[in-house]
Amino acid sequence: MAEKRLRTGSDFTWRDMEVGNIVTEAGNAGLRRTGDWRSRRPITDKEKCNKCGLCWLYCPDAAVKLSEDGYYETDLFYCKGCGICAKVCPRAAITMVEEEEK
Amino acid sequence: MSRRIGLEASFAAAEAARMADVDVIAAYPITPQTHVPERLAEMVADGELNAAYVPVESEHSAMSVCLGAAAVGARTFTATAGPGLEYMHNVLYVAPSMRLPVVMVVVNRALSAPLSIWGDHSDAMAVRDTGWIQVFCQNNQEAFDMTLWAFRVAEDPKVLFPVMVHFDGFHLSHVTEPVILPEQEEVDRFLPRFHYPFALDPDKPMTHGAFGAPDIYSEAKIAQEVAFRKSKKVIIKGLAEFADIFGRHYHPVEPYRTEGAKTLLLTMGSFSETAKIAIDRKKKRGESVGLINLRLWRPFPFQELRRELKKAETIIVFDRCSAFGGPGGAGCSEIRSALYGESEKPRVVSFIGGLGGRDMSVEDFEYVVDRGREIAAVGSEELFATGGIRGEVTAIRG
Amino acid sequence: MAEKVIKFGKNLVTTEEFLAEGHSFCTGCAEVLALRLACKALGRDVIIANATGCIEVCTSPLPVTSWRVPWIHTLFENVAATISGVEAGLGILMKKGRIPERDIKCVAVAGDGGTSDIGMQALSGAFERNHDFLYLCFDNEAYMNTGIQRSSATPYGASTTTAPAGKFSIGQITWKKDMVKIAVAHNIPYAATACPSYPFDLMNKVRKGAEIEGPAYVHIFSPCPTGWRYASDLAIEIGRLAVETGVFPLYEVETGRYKLTVDRPNLKPVEEYLKPQGRFRHLLDEEIAKIQERVNEDYARLKANVAALPA
């Protein structure tokens, strides 16, 4: 339902409402891109990173993900660019850079 | 074997909740509702009823507790009156919108000021548009029957709307009448166990009560409106099933000796029984009169009413509440709306009376019919008249 | 990805996100960080009731939801009553054998307005009735969701939209309502303060509050870049400074016994906490001194409680 709404807008009618407006797809907000709010993006220097995980722990948007190699990567689909990860990084491995229009 | 015992309407409603094996009761005491929760608390304390009785700190919380309990799949019940109903007003809208089938008894009481603990329908009319299924009772047997029926309809998977059962404060709530209580086996046959398909459950996480931005709120409300109107089928089916099992027949609109009657009096609640005696007396004198008892208040039974009313010349609607600056009583404006589309429509006269516990005698209703006919003869400029009130008020123009 | 835990010293934190990405909290919001951490501590077997407010609006715009646990919102002022119903309903259905016996935590989530102002009556009732639930108050010190109006949790001297600083006003002229004291006065088994700048302390308290039988209350300091007017990357520092200056001490009260969970022998001057925030920018030295005096008094009283009734 949510996908239909997010993609097709006006095709979504009252008939598509679930009983009691209950949302039965848990966590479907994950479909929403919040990365386009961003004016700055975090860049991680893997040389400096010691995989401590604080950027993951303190991210308000749950946008930092643990990857297979043990490093943490920011999912730019969600990252709003607040810069908290850069602030809490004990090794100063994360820098915030301006987003530029391409 | 069913039993016939003397019960107040309050105790009769409590018995219905007990026989429905209700799971959660949340209530706050307010006159004249008190005997309902008192009796239920006693049943729980004595082990006659296996339920959680939540003694909340306000009516607002009473309804809020019911919402939470219904959302986990519990059969929930509460009762309130007058100002208590208004205090939970904000919460009332939530139950139908979220399709939580709470059952509530409203022991009708006037609203302040002046403070009055006695009966009228101001409380009910103020919650008219909250989206609850609403019925009125004429007597204590109906208080039992309608409460039991309310669970059947509310919890039907095709309905899932809350139900309000209205009965008059003191006139019914505190008066003992013989009431037939059915066998538990019959009740169980009538009322299946509540299964809420959207119960809050960690194994099936769902979000209840998400917010609606302007781009979706209207669709949500229309979906609710359509579902609410559709619930009338089950409302009527439920009444038929009730008749099959218990032998008592109820209808959204109940005509009493209306065959060929030129003047129809329309009443709701316990006054209908008094008014019936007035109709009997008039019939005896050869007058062409009849009575309509309006049982189902929401969803409003437009079709049934039109069928019953359109052949009459004059309809006198008796409302037990003020509707300040409006077109007469709240009931009357609905009746006028129902008839507006008819090519030949009867005159509709609005009477307001029985306020704040003021009794209406048989003679009072005879007078209401006589006066109503006079007003109807004069024409439609009369906005409303009063019944049983010292110093008649008629011909008020806006 | 399968659930994993990440180790931070002796602390283990699940990688499971019970609150999905894609929510609409402001950039740099510490409230959602606190909520995300609290959810990790609570785990899967939970039912959450949410009062109207930032959290409700930012996590549930129809037809989507951020919630991966069962969640219900009804109104603003009644979350403690709604969760009372959830708890009572689960209890009786289990007792009657209608649903399997299971330990499901009942958790209420609200903001400071929904708690210390409009939700106070329902909360007091739920505490008094001794429901088994955890109440989490996410305190961002004003009605942020409606546009930074003052609440009874707004601190002295803060400028808000309904108590703005001006030529004749310093903004808020009343002192912050002490919700933990009010909770403790109900003789509930557990009350605590927490702050997302101290994530493990926060998660431990949430876990403890959920596990304790009976009502539990955790008051969570939730720095708000939008309403407090500080840069979006400063939330963690602001939270730390609130604790290190004694403005928002971290403690818990378990069956009436007090414990400071983060104890600073020497508090930093409150000025360090106030300065980075736009909402306090207008304050003069004498007002800051007044705040300092009040913080000293309150902290001394708290220390006295810890000494008199140690955990």
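What's counted below: heavy atoms across the whole structure, side chains too, no hydrogens, waters or symmetry copies. Numbers restart at 1 for each chain; the letters A, B, ... are given by sequence-line order, proteins then strands.
- For chain B, the nearby part of C:Arg68 is the backbone; its heavy atoms alone come within less than 4.5 Å.
- The side-chain heavy atoms of C:Asp45 and B:Pro202, taken from C-beta on, include a pair separated by under 4.5 Å.
- Looking at C:Arg44 and B:Asp203, no side-chain N of the basic residue comes within less than 4.0 Å of a carboxylate O on the acidic one, giving no salt bridge.
- Under a 3.5 Å cut-off, the side chain of C:His73 and the backbone N or O of B:Gly209 do form a donor-acceptor pair.
- Here the side chains of B:Phe211 and C:Pro61 are in contact, with some heavy-atom distance below 4.5 Å.
- One finds the CG atom of B:Asp23 at 6.5 Å from the CD1 atom of C:Ile92 (value rounded to the nearest 0.5 Å).
- Ranked by heavy-atom pairs under 4.5 Å with chain B, the list C:Lys96, C:Lys95, C:Glu87, C:Glu56 is led by C:Lys96.
- To the nearest 0.5 Å, the span separating OG1 on B:Thr207 from CH2 on C:Trp71 amounts to 6.0 Å.
- Interface remark: of the candidates C:Ala80, C:Ala122, C:Ala126, C:Ser84, C:Ala122 forms the most heavy-atom pairs closer than 4.5 Å to chain B.
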Practice item. Mind running side-chain contact (heavy atoms from CB on, under 4.5 Å) on B:Asp201 and C:Arg102 for me, showing each step along the way? Key: CA-CA 11 Å; B:Asp201 176 358; C:Arg102 178 171 174 181; 4.1 Å; yes
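- Proximity to chain C among residues 186-200 of chain B is limited to B:Arg193, B:Leu200, judged by heavy-atom separations below 4.5 angstrom.
- For the atom pair C:Thr65 OG1 and B:His208 NE2, the distance stands at 10.5 Å (nearest 0.5 Å).
- If you measure heavy-atom distances from C:Ile83 to chain B, you find no contacts under 4.5 Å at all.
- Contacts of C:Ala88 with chain B are made by both backbone and side-chain atoms, with heavy-atom separations under 4.5 Å.
- Within residues 54-66 of chain B, the residues having any heavy atom less than 4.5 Å from a heavy atom of chain C are, in residue-number order, B:Val54, B:Pro55, B:Val56, B:Glu57, B:Ser58, B:His60, B:Ser61, B:Ser64, B:Val65.
- Contact tally against chain C (heavy-atom pairs below 4.5 Å) for B:Pro205, B:Ser97, B:Ala70: the top residue is B:Pro205.
- Scanning residues 44-52 of chain B against chain C with a 4.5 Å heavy-atom cutoff picks out B:Asn50, B:Ala51, B:Ala52, ordered by number.
- At a 4.5 Å heavy-atom cutoff, the contact between B:Met98 and chain C is made by side-chain atoms alone.
- For C:Val57, the parts lying under 4.5 angstrom from a heavy atom of chain B are both the backbone and the side chain.
- Using a 4.5 Å cut-off between heavy atoms, C:Leu93 contacts chain B through its side chain alone, with no backbone atom that close.
- Taking 4.5 Å as the heavy-atom cut-off, the residues of residues 71-88 of chain B that approach chain C are B:Ala71, B:Val72, B:Gly73, B:Ala74, B:Tyr87, ordered by number.
- Of all the listed residues (B:Ala213, B:Ala210, B:Ala95), the one sharing the greatest number of non-hydrogen pairs under 4.5 Å with chain C is B:Ala210.
- Counting heavy atoms from C-beta outward, B:Asn90 and C:Glu77 have side chains that approach closer than 4.5 Å.
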Point to revise | Steps toward side-chain contact (heavy atoms from CB on, under 4.5 Å) verdict (B:Val91, C:Asn78) | key: CA-CA 9 Å; B:Val91 201; C:Asn78 66 346; 4.3 Å; yes
